[in-house]
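What follows is one structure encoded as structure tokens, with my remarks underneath.
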Amino acid sequence: MHKHEIIRCERCQTPFECKANSFTKCQCSTVQLTINEVQYLSELYDGCLCANCLLIIQQEYRESIGLV
């Protein structure tokens with residue numbers, strides 16, 4: 001039995017355990033995003049994303065602005 005809600009990533013549909021009420025323990029907290037990256041993500045998605053998708057979109061954003 002899971003303590004937290006199991007949700008699907010809005011981008012890839014992979015199920016993961018959302019720990020929004022324990023943010024520092026949530027898998028998404030492992031991805032460090034700048035305020036601009038958060039803004040970019042919020043323009044694309046409304047819901048939660050898995051850490052893997054966060055990393056992919058972060059990379060896409062950085063490439064689009066010429067950081068990588």
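Values in this document were obtained by computation on a predicted structure and should not be read as measured data.
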Run the side chain to side chain contact (heavy atoms under 4.5 Å, CB included) test on Y61 and N36 for me, step by step, so that the C-alpha distance in whole Å, both residues' side-chain angles and the decisive distance to 0.1 Å come before the verdict.
CA-CA 9 Å; Y61 174 76; N36 291 335; 3.3 Å; yes
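- Applying the salt bridge (charged side-chain N to carboxylate O under 4.0 Å, His left out) definition to pairs two or more places apart or across chains, none involves residues 41-54.
- For E37 (side chain) and T34 (main-chain N/O), a donor-acceptor pair under 3.5 Å exists by modelled atom type.
- Every residue meeting the side-chain contact (heavy atoms from CB on, under 4.5 Å) condition with C48, not counting sequence neighbours, appears here in chain and number order: I7, F16, C18.
- The cluster map of Ile, Leu, Val, Met, Phe, Trp and Tyr, joined by side-chain heavy atoms under 4.5 Å apart, puts I56 and L54 in different clusters.
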Which is it for E60 and Q58 under the side chain to side chain contact (heavy atoms under 4.5 Å, CB included) test, yes or no, and what are the steps along the way?
CA-CA 5 Å; E60 289 172 0; Q58 180 183 52; over 6 Å; no
Between V31 and L33, is the side chain to side chain contact (heavy atoms under 4.5 Å, CB included) condition met? List the steps.
CA-CA 6 Å; V31 182; L33 300 170; 3.8 Å; yes
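- Following chains of ILVMFWY side-chain contacts shorter than 4.5 Å, one can reach L41 starting from L55, so the two form part of one hydrophobic cluster.
- The structure places CG of L49 at 8.0 Å from SG of C12, a figure rounded to the nearest 0.5 Å.
- Rounding to the nearest 0.5 Å gives a distance of 4.0 Å between CD1 of I57 and OH of Y45.
- A distance of 9.5 Å separates CG in N52 from CD in Q27, rounded to the nearest 0.5 Å.
- In this structure, SG on C50 lies 14.5 Å from CD on E17, to the nearest 0.5 angstrom.
- Atom OG1 of T14 and atom CZ of R8 lie 8.0 Å apart (nearest 0.5 Å).
- Not a single side-chain contact (heavy atoms from CB on, under 4.5 Å) links I35 to another residue, sequence neighbours left out.
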